[in-house]
Amino acid sequence: MATSLKNLSDYDPAKVPSAEDMLFGIVVAEWNIEITGALLKGAIDTLKKHGAKEENIVVKYVPGTFELTMGGRYMAEYKDLDAVICFGCVIQGETRHFDFICHGVSNGITELNLQYDIPFIFGVLTTDDMQQAIDRAGGKHGNKGDEAAITAIKMAALQLEMEEE
Ligand code: DLZ
């Protein structure tokens, strides 16, 4: 994760498999869209940098982070994909919504990983304030969108590798 101690946007591109023949789904929460949009842009740039074709990247929007689970499920049900990335941003407020949404989406995405044969990548920022989110969406701690894209490529490649063994 892109924390203040570790910035996974600084990865070794030589160690990333080619994404040339891969198909990706990206589900984006509209809540805090200035952040989730920046994560999306980072991911698309990184997928394309590693060979993914624009027409092989399907982007769909859901209202909030809580809906990422259902959006991810629709991706798996209706599209033939190698990996799905889910982007959301939940900022700690004074209500307990933060805990419910974070638990809901982390459990939901875990369930999707267990239920379907493709990887679902957890691209959700859970921060104390907006500045921490900005710092991780193209700011001083890198872009978690890049990291999610690299994770998607690596997990899709792992599955293909194991299928062929
Ligand atoms: C309701 C809500 C709140 C309070 N905060 C956020 C947030 O910080 N980030 C986010 O993505 N979504 C938030 N939501 C909306 C929920 O994710 C969800 O869309 C609604 O509860 C409807 O199910």
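Each ligand, and each atom within it, is numbered from 1 in the order the structure gives. Please read all numbers here as calculations on a predicted model, not as lab measurements.
The stretch residues 65-90 participates, sequence neighbours left out, in no salt bridge (Lys or Arg N to Asp or Glu O under 4.0 Å) pair at all.
At a threshold of 4.5 Å between non-hydrogen side-chain atoms, the residues L125 and Q132 do not count as touching. L40 has its side chain out of reach of T36: every pair of non-hydrogen atoms, C-beta onward, lies at least 4.5 Å apart. Contact of the V27 side chain with the M75 side chain is registered, since non-hydrogen atoms from C-beta on lie closer than 4.5 Å. A 4.5 Å side-chain heavy-atom check between V58 and L23 finds every atom pair outside the cut-off.
The immediate protein surroundings of ligand 1, defined as residues with any heavy atom under 4.0 Å of it, consist of W31, N32, G64, T65, F66, E67, C89, V90, I91, H97, I101.
D45 has no carboxylate O lying under 4.0 Å from a charged side-chain N of K49, or vice versa, which leaves the two without a salt bridge.
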